[in-house]
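No hydrogens, no waters, no symmetry mates; every other heavy atom, side chains included, goes into these values. Not measured: the values here are computed from a predicted model.
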Amino acid sequence: MRAPEAGVPVLLVEIDRRSEDAHGLVVKLRRYWEWGRLLPKDADKRTVDLVRYRPDAIDQLVDHEQRLWLRVYPPIGREGLVPVAFVFADTTTAKIASTVQVLEEAGRRYWAPRRYDTLYAKAVTARVYRQAVPVVVTTLEQLTEHGAGAAVWRRLGRTGEQSLTDALDNPDGHALYRAQEARASAEDQRRRAAQREAQRPVCRRCGQKFTDERW
């Protein structure tokens with residue numbers, strides 16, 4: 001589905017009428033994640049060799065612009081890979097809850113963000129969504145009754161239902177990271193400056209603290 005005018009450049013939709021079990025949906029999610037990591041056939045040899053011999057290269061060194069998926073779909077306008085929606089139909093609330101629980105637990109590697117590698121681990125709570133597949137779930141009955149623009153979507157890893165754009169956004173993503181990292185860095189500089197000032201020597205003759213030049 002493509003609806004850029006609604007803030008959704010692309011959304012891959014899986015309609016599930018309970019023809020597959022929950023673990024089958026996890027396999028589908030894994031394939032979407034793996035597909036988002038593929039290189040195009042004409043990728044340069046250096047990049048191909050890098051990915052072949054360094055397992056972490058696709059995560060750390062290969063931008064999305066170098067991958068196959070951006071030749072098939074437009075930029076999604078958010079962090080992460082192409083989002084996937086599981087729309088359940090002709091089933092019970094209990095079965096949906098059970099399926100979503102399996103998706104969240106068994107599929108965590110594919111949808112969940114990671115912690116930032118930062119010097120300020122205690123101060124930075126933001127998450128890295130760059131390699132994650134955003135997954136939202138709803139039911140066909142809710143879409144029929146309320147419409148796709150209503151708060152009928154639940155993002156894996158969150159509680160409650162949101163509008164589709166809110167569910168796809170990452171308020172705890174890179175923008176929050178930049179703000180938290182900047183605040184933590186400024187606080188660290190203030191702390192270091194205070195520690196240095198506390199250690200500044202005092203002149204025995206005049207009782208004044210040393211200037212920076214004299215120190």
Side-chain angles (χ1 to χ4, degrees), residues 7-11 29-30 32-34 36-37 47 50-51 53-67 69-70 74-84 100-101 103-137 151 153-203 208-215:
V8 185
V10 59
L11 178 69
L29 177 56
R30 186 198 74 208
Y32 281 123
W33 178 78
E34 290 173 341
R37 299 162 68 82
T47 303
L50 189 65
V51 170
Y53 299 113
R54 280 194 54 180
D56 64 336
I58 197 72
D59 292 333
Q60 304 295 332
L61 303 173
V62 181
D63 293 334
H64 288 286
E65 288 73 16
Q66 298 173 267
R67 303 185 196 180
W69 76 266
L70 265 177
I76 62 174
R78 299 173 174 88
E79 302 165 71
L81 300 171
V82 181
V84 175
V100 171
Q101 183 178 2
L103 280 169
E104 287 191 316
E105 294 176 356
R108 184 173 184 81
R109 178 183 180 186
Y110 315 120
W111 63 261
R114 305 172 186 175
R115 290 188 64 89
Y116 272 95
D117 184 12
T118 173
L119 295 173
Y120 312 110
K122 292 183 178 180
V124 175
T125 61
R127 293 291 185 267
V128 185
Y129 287 88
R130 186 171 177 272
Q131 306 301 334
V133 176
V135 179
V136 293
V137 299
W153 303 90
R154 186 192 154 203
R155 174 86 172 257
L156 291 195
R158 300 180 188 172
T159 59
E161 295 176 328
Q162 301 174 284
S163 69
L164 182 55
T165 51
D166 286 346
L168 293 176
D169 285 342
N170 303 310
D172 58 342
H174 191 63
L176 178 63
Y177 165 73
R178 290 200 306 267
Q180 290 181 331
E181 181 87 353
R183 286 196 298 268
S185 177
E187 180 59 33
D188 185 52
Q189 291 178 18
R190 286 192 293 269
R191 180 182 58 80
R192 290 174 182 271
Q195 288 178 341
R196 175 178 169 80
E197 195 61 32
Q199 297 169 356
R200 185 183 294 275
V202 175
C203 177
Q208 297 297 315
K209 287 187 176 183
F210 281 22
T211 62
D212 286 341
E213 291 76 14
R214 186 178 181 186
W215 194 3

Salt bridge E104-R108, side-chain N to carboxylate O under 4.0 Å: no
Check ion pair D59-R37 (N to O, under 4.0 angstrom): yes
For [X] against [Y], the heavy-atom pair lying closest together:
X	Y	result
G107	L29	O-CD2, 4.0 Å
I76	L81	CD1-O, 3.2 Å
A112	A132	O-CB, 3.9 Å
W215	R196	CH2-O, 3.2 Å
P9	P74	O-CG, 3.9 Å

Mind running side-chain contact (heavy atoms from CB on, under 4.5 Å) on R130 and R114 for me, showing each step along the way? CA-CA 9 Å; R130 186 171 177 272; R114 305 172 186 175; over 6 Å; no
Between [X] (side chain only) and [Y] (backbone N and O only), is there a donor and an acceptor less than 3.5 Å apart?
X	Y	answer
E65	L70	no
E79	G173	no
W111	L156	no
T118	A121	no
Q180	A126	yes

Check: [Y] and [X] side chains under 4.5 Å, non-hydrogen atoms:
X	Y	result
V128	H174	no
Y110	R30	yes
R67	V62	yes
R127	R115	yes

Side chain to side chain contact (heavy atoms under 4.5 Å, CB included) partner of P83, chosen from V8, L11, V136, L164: L11
Without hydrogens or angle criteria, can the side chains of N170 and R155 be said to hold a donor-acceptor pair below 3.5 Å? yes
Is there a donor in the side chain of E105 and an acceptor in the side chain of Q101, or the other way round, less than 3.5 Å apart? yes
Residues in side chain to side chain donor-acceptor pair (under 3.5 Å) contact with D56, at least two apart in sequence or another chain: R54
Pairs in or reaching into residues 156-184: which pass salt bridge (Lys or Arg N to Asp or Glu O under 4.0 Å), with residues at least two apart or in two chains? R78-D169
Go through L168 and Q162 one step at a time and tell me if the side-chain contact (heavy atoms from CB on, under 4.5 Å) criterion holds. CA-CA 9 Å; L168 293 176; Q162 301 174 284; over 6 Å; no
If you round to the nearest 0.5 Å, how far is [atom2] of [Y] from [atom1] of [X]?
X	Y	atom1	atom2	answer
R109	Q131	CZ	CD	11.5 Å
I58	L50	CD1	CG	9.0 Å
E197	Q195	CD	CD	12.0 Å

Go through F210 and C203 one step at a time and tell me if the side-chain contact (heavy atoms from CB on, under 4.5 Å) criterion holds. CA-CA 6 Å; F210 281 22; C203 177; 4.0 Å; yes
Which residue pairs pass the ring-ring contact (aromatic ring centres under 6.0 Å, His included) test when at least one of the two sits in residues 112-131, sequence neighbours left out? Y116-Y177
Greater than 12 external heavy atoms within 6.0 Å of R192's CZ: no
